[in-house]
Amino acid sequence: MAPSQQAKSLKTVRRLLIGLAAVGACLLSAAPVALAQTPAKPAPGAPQAAPQAAPQAVPGFWDPRRRPERPDLSRLTVIRFLTETDYPPFNYTGADGNPAGFNVDLARALCEEIKVTCTVQMRRFETLVDALSSNRGDAIIASMAVSPQLRVRADFTDPYYRVPARFASRKDAVMPEIRPEYLEGKKVGVIAGSAHEAYLKAMFTDAELHGYPNDEALRTALRRGEVDFIFGDAMSLAFWINGTDSGDCCAFSGGPFVESRFFGEGVGIAVRKGNDLLRQALNWALFRVWEKGRYTDLWLRYFSVSPF
């Protein structure tokens with residue numbers, strides 16, 4: 001095969017791969033999906049949700065056809081949750097001095113479903129796994145991304161959310177769909193050395209990549225029009241887009257990308273190695289909380305701009 005034909009063939013393969021990734025992202029974020037017309041009332045101290053112009057799609061991470069079996073919950077009397085001290089809106093200290101945030105509210109909902117006493121202790125993130133291993137807590141719910149390294153030290157529930165990657169652009173240049181060929185010759189900003197940069201280098205080979213040292217520099221470049229798009233963590237981008245720092249300049253373009261090889265397995269609840277009873281109980285409770293619509297209520301309470 002001639003070099004030019006080889007290059008064309010490789011480009012076609014990349015486009016097929018990115019198309020499949022986009023389809024997977026749509027399936028993940030849209031099936032099952034709850035459309036909520038009226039967001040739940042924010043908890044005291046929680047970020048206020050902006051009015052929604054249209055119903056927001058809430059991602060579902062559970063398959064209704066794969067209902068987990070109810071384990072024997074009689075042996076569970078208390079669950080001591082550990083969480084991080086300062087990672088709003090997931091974990092933070094509320095106005096009353098008690099733990100608050102999406103993770104904290106979800107932990108309490110799980111305990112209500114299992115019908116056990118629930119405690120939540122806040123610790124520095126880097127101390128959480130050691131505290132779990134030394135029996136100073138039973139489970140970690142702190143936006144902890146599952147990884148092969150962490151699986152050596154703890155067991156994890158099924159993911160209760162994932163952090164996709166997304167493109168953002170200035171509002172006057174929003175694209176409803178993004179494919180590699182659409183960004184040919186476009187300037188795309190990304191954090192240098194990140195998984196997001198690696199993904200762009202593998203899949204968006206015709207884009208003109210510009211590396212930045214941190215999120216602030218990356219977002220400033222987009223706001224000033226130095227790049228056409230930026231690509232990064234959709235969760236933090238959602239808060240930036242909806243916050244004052246963005247100056248209402250920008251919006252998401254295209255849908256989420258969730259390729260686990262680049263962006264991880266998702267966020268789960270950690271339990272001590274071998275504690276299958278608690279892991280299974282939490283998986284069962286997570287499904288029940290989602291099935292009853294309580295997960296959707298929590299999502300809309302804390303995330304006024306969905307990363308999906």
Side-chain angles (χ1 to χ4, degrees), residues 40 43-46 60-64 66-87 89-147 150-161 265-299 301-302:
F61 303 100
W62 297 271
D63 185 345
R66 296 181 59 192
R67 178 185 298 274
E69 291 186 13
R70 185 182 189 277
D72 179 8
L73 304 177
S74 62
R75 288 181 286 162
L76 292 175
T77 56
V78 64
I79 301 176
R80 299 170 299 161
F81 277 104
L82 302 170
T83 194
E84 190 179 358
T85 54
D86 187 25
Y87 185 51
F90 293 98
N91 321 287
Y92 58 92
T93 303
D96 58 0
N98 292 318
F102 177 81
N103 286 326
V104 175
D105 284 350
L106 180 59
R108 289 171 177 154
L110 297 176
C111 288
E112 288 174 17
E113 197 62 47
I114 297 171
K115 294 181 171 52
V116 293
T117 302
C118 180
T119 64
V120 181
Q121 179 190 154
M122 303 181 83
R123 304 178 65 92
R124 295 194 317 277
F125 187 82
E126 64 271 17
T127 69
L128 290 173
V129 176
D130 286 340
L132 179 70
S133 300
S134 59
N135 198 29
R136 283 174 280 174
D138 301 310
I140 300 171
I141 186 164
S143 297
M144 186 169 282
V146 182
S147 69
L150 280 174
R151 284 193 183 278
V152 174
R153 304 186 63 192
D155 290 336
F156 284 86
T157 65
D158 297 335
Y160 64 94
Y161 79 86
E265 302 175 46
V267 170
I269 301 173
V271 301
R272 274 189 301 283
K273 294 289 291 184
N275 194 347
D276 288 339
L277 173 61
L278 181 55
R279 182 180 58 80
Q280 291 167 8
L282 290 171
N283 273 336
W284 174 82
L286 281 166
F287 185 92
R288 293 279 292 166
V289 166
W290 167 75
E291 187 177 42
K292 291 179 175 180
R294 298 184 67 187
Y295 182 90
T296 296
D297 291 342
L298 281 178
W299 186 272
R301 182 183 302 177
Y302 286 98

Residues which pass salt bridge (Lys or Arg N to Asp or Glu O under 4.0 Å) with [X], listed by chain and number, not counting sequence neighbours:
X	result
D138	R80, R272
E69	none
E291	R67, R288

Among all residues two or more places apart in sequence or in another chain, which pass the side chain to side chain contact (heavy atoms under 4.5 Å, CB included) test with [X]?
X	value
T127	R123, R124
T117	V78
D158	N283
D86	P88

Using the test ring-ring contact (aromatic ring centres under 6.0 Å, His included), find all partners of F287 that sit at least two apart in sequence or belong to another chain.
W290
Check ring-ring contact (aromatic ring centres under 6.0 Å, His included) between F156 and all other residues, then give those that pass, not counting sequence neighbours.
none
Could I get the full list of side-chain hydrogen bond (donor to acceptor under 3.5 Å, both in side chains) partners for [X], not counting sequence neighbours?
X	answer
R108	none
S147	Q149
T157	none

Looking at R136 and D130, is there a salt bridge between them, counting it only when a charged N and a carboxylate O are closer than 4.0 Å?
no
